[in-house]
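Numbers restart at 1 for each chain; the letters A, B, ... are given by sequence-line order, proteins then strands. These numbers come from the heavy atoms of this one structure, side chains and all, not from hydrogens, waters or symmetry mates. Keep in mind that what you see is a predicted model, and the values were worked out from it rather than measured.
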4 protein chains.
Amino acid sequence: METRTVGHMQFVLDLSLPIYEQMVNQIQRMIARGEVELGMKLPSVRDMAVQLKINPSTVVRAYQELEREGLCEKRRGQGTFITSSQAKVEEVKKQLAAEALHSFIENMRSLGITKELAQKWLEEAEWE
Amino acid sequence: METRTVGHMQFVLDLSLPIYEQMVNQIQRMIARGEVELGMKLPSVRDMAVQLKINPSTVVRAYQELEREGLCEKRRGQGTFITSSQAKVEEVKKQLAAEALHSFIENMRSLGITKELAQKWLEEAEWE
Amino acid sequence: METRTVGHMQFVLDLSLPIYEQMVNQIQRMIARGEVELGMKLPSVRDMAVQLKINPSTVVRAYQELEREGLCEKRRGQGTFITSSQAKVEEVKKQLAAEALHSFIENMRSLGITKELAQKWLEEAEWE
Amino acid sequence: METRTVGHMQFVLDLSLPIYEQMVNQIQRMIARGEVELGMKLPSVRDMAVQLKINPSTVVRAYQELEREGLCEKRRGQGTFITSSQAKVEEVKKQLAAEALHSFIENMRSLGITKELAQKWLEEAEWE
DNA sequence: GTGGTCTAGACCACA
DNA sequence: GTGGTCTAGACCACT
């Protein structure tokens, strides 16, 4: 579990989980939270790799995933950029939130917990 | 995605996750939901393997994991049994529920979603 | 972990360890502590099995082990008896104690713990 | 009873105990004695298996056990490393020593041996 | 290259 | 019969 900063972006990496996946998740979420500017250039693969002390091919894979989802785009010779489409960002955000909600419900239901109880727990929970 | 029945237990196995992990999850949840009797004998490693069409050592691994958590116990020459301790079951259930809640909150927060919105979505969601 | 009593003998059995071994150990120690009379008849295999709720062949194996060590002897048609030889009892007791001491020392040494420290811990330890 | 050396580590393996267990014990103790550097990379599963002439999955099991205790950590694609936490090492060392002490005392007490006698024997014993 | 999982099949200890 | 261990070898995901 390590925290590293690249440009304005801060990453928390746990080497026991797929690193490229953690990068994808964290970049998705920085975009969703509006923490990074749309259309912005991402650090180069090389910079990212050096500063996160990881293998460049791991960064490549993360960028590819983000591109596949439409959150990023590669421009030959220039680098990888965050999408400029606010609509795309909203779409991904909605989808991630829906997945989280669905998986929460499935988890609770499979444990035999009622909706009412789950709601109560959520209400009582600290959010920050 | 295949559904198979062993005794009174029904399993849904796919290839997206380790089989032993799916077994552990599903057995945990059957116990948590009170679908299987406490103290009951689980199918023998061999029976389980034959009926799920998987390798015996995969079953062994799942049973070991359940034993490590205290949900099962092995009796020499007799087989593997579900714990008789209702308290242990509650403990594990609470823990799994707490994990689900925590991960839901983390997911939502990291997407910049407010507690109020999350609660609204949960309220509106179908539970069954 | 269950406690069961047969005649004057009390056993603590943990079904996750070899039962015959636990029986041997506990009978050896009852004899060493002078808790059972020398020359006494042990419960029959059948009685022992019924009262401990274990398989008769397990009792047979335990009695065989004790016979092999010379702590017990089988008399055809009469049953199994504890040795009458105080010398034999002392011999086994010495051997078990020597083994315990040796294994303690090996354990501590392999952890890099000095004799002085081990002695200090032993001195500080509760005995009862 | 065979002695094999892998890197700076020397193993003594016999057939009286599970191999993975012997490996765990011996690696724990090398770490406790300070014989291996904290944070060091352990030999890869394959190397270890080849040099100890055992099956890779046996090594995997030993490494998993050490990871579960917190003495080792796996880094994706890089290998298995000994923890860098001196505190963790001390914790495990203390626990192993406590277990050894406890089992020694239990053994002696169950034989009806007094604390004074046990102390005398320990004092008289060769440590090296 | 690393570890993770799974299979098939053997042999053993225990009850 | 039960579970426990080990082997040999395959395939996969990750770096």
Side-chain angles (χ1 to χ4, degrees), chain A residues 13 15-24 45 49 52-62 65, chain B residues 13 15-23 41-50 52-67 72-81, chain C residues 13 15-23 45 49 52-62 65, chain D residues 13 15-23 41-50 52-64 66-67 72-81:
Chain A
L13 297 182
L15 297 182
S16 72
L17 294 172
I19 297 177
Y20 83 94
E21 220 171 279
Q22 299 179 61
M23 289 183 66
V24 168
V45 167
L52 294 182
K53 293 185 185 165
I54 62 179
N55 196 303
S57 64
T58 304
V59 182
V60 168
R61 181 152 183 195
E65 279 292 314
Chain B
L13 301 180
L15 298 172
S16 70
L17 285 174
I19 298 177
Y20 80 92
E21 215 171 288
Q22 298 179 58
M23 290 183 65
K41 182 179 179 303
L42 284 169
S44 78
V45 169
R46 284 160 175 79
D47 282 357
M48 195 64 120
V50 168
L52 294 182
K53 294 185 184 163
I54 60 177
N55 192 285
S57 54
T58 304
V59 182
V60 166
R61 183 153 182 196
Y63 281 9
Q64 277 175 340
E65 194 61 36
L66 289 164
E67 199 188 10
C72 291
E73 81 183 59
K74 304 233 164 91
R75 300 194 200 136
R76 301 248 157 178
Q78 299 187 42
T80 302
F81 296 76
Chain C
L13 297 182
L15 298 181
S16 71
L17 293 172
I19 297 176
Y20 83 94
E21 218 172 280
Q22 297 179 61
M23 289 182 65
V45 167
L52 294 183
K53 294 186 184 163
I54 61 179
N55 195 302
S57 64
T58 305
V59 182
V60 168
R61 179 150 184 198
E65 280 291 315
Chain D
L13 301 180
L15 298 173
S16 69
L17 285 173
I19 298 177
Y20 81 91
E21 215 170 289
Q22 299 179 57
M23 288 182 67
K41 182 179 179 302
L42 284 169
S44 78
V45 168
R46 285 160 175 79
D47 282 357
M48 195 66 119
V50 168
L52 293 183
K53 294 186 184 163
I54 60 180
N55 192 287
S57 54
T58 305
V59 182
V60 165
R61 183 154 184 194
Y63 281 10
Q64 277 175 340
L66 290 165
E67 198 188 10
C72 290
E73 82 183 59
K74 305 232 163 91
R75 301 194 199 137
R76 303 247 155 177
Q78 299 187 39
T80 302
F81 296 76

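Taking all atoms of both residues into account, the shortest heavy-atom contact from D:P56 to D:V45 is O-CG1, 3.5 Å. Closest non-hydrogen pair, D:Y20 versus D:A62, comes out as O-CB, 3.8 Å.
Across all strands shown, D:I19 has heavy atoms under 4.0 Å from sugar-phosphate atoms exclusively, and none from any base. Among the heavy atoms of the strands lying under 4.0 Å from B:S57 is at least one base atom, whether or not backbone atoms are also near.
Close to F:dC14, at under 4.0 Å from its OP1 or OP2, lies a side-chain N or O of A:Y20. The shortest distance between the side-chain N/O atoms of D:R76 and the OP1/OP2 oxygens of F:dA13 is not below 4.0 Å. At the phosphate of F:dC14, OP1 or OP2 sits under 4.0 Å from a side-chain N or O atom of A:R61. Side-chain nitrogen and oxygen atoms of D:K74 include at least one within less than 4.0 Å of the OP1 or OP2 phosphate oxygen of E:dG4.
Across all strands shown, E:dA8 pairs with F:dT7; the Watson-Crick or G-U wobble distances both stay below 3.5 Å.
The closest donor-acceptor contact from the side chain of B:Q22 to the backbone of B:L17 lies under 3.5 Å.
Among the nucleotides F:dC14, E:dC14, F:dT7, the one closest to the side chain of A:P18 is F:dC14. Taking only side-chain atoms of D:Y63, from C-beta outward, the nucleotide of E:dT7, F:dG4, E:dG3 with the closest atom is E:dG3. Comparing F:dT15, E:dT7, E:dA15 against the side chain of C:N55 picks out E:dA15 as the nearest.
Whole-Å rounding puts the B:E65 CD to E:dG4 P distance at 14 Å. Nucleotide E:dA15 holds its C1' atom 14 Å from the CG atom of C:L52, rounded to whole Å. Rounding to whole angstrom units, CG of residue C:L13 and P of E:dC14 are separated by 15 Å. When rounded to the nearest whole Å, the span between CG of B:L17 and P of F:dA13 equals 13 Å. The interatomic distance linking B:Q64 (CD) with F:dT5 (P) rounds to 7 Å, in whole Å. Whole-Å rounding puts the D:F81 CZ to F:dT15 P distance at 13 Å. If you measure from atom CD of D:E73 to atom P of E:dT2, you get 17 Å, rounded to the nearest angstrom. Following rounding to the nearest Å, B:I54 (CD1) and E:dT7 (P) show an atom-to-atom distance of 6 Å.
Between D:M23 and D:V59, the closest side-chain pair of non-hydrogen atoms falls below 4.5 Å. With a 4.5 Å cut-off on side-chain heavy atoms, B:R76 and C:T58 do not count as touching. Side-chain contact between D:K74 and D:Q64 is present, with heavy atoms from C-beta onward closer than 4.5 Å.
Interface remark: the B:R46 side chain does form a donor-acceptor pair with the F:dG3 base, using a distance-only criterion of under 3.5 Å.
Each of D:D47 and B:Q22 was assigned the nucleotide of DNA chain E with the nearest heavy atom; the assignment lying further toward the 5' end belongs to D:D47. Residue whose closest nucleotide on DNA chain E sits further toward the 5' end, between C:T58 and D:K41: D:K41. Map B:G77 and D:E21 each onto its nearest nucleotide of DNA chain F; the residue landing nearer the 5' end is B:G77.
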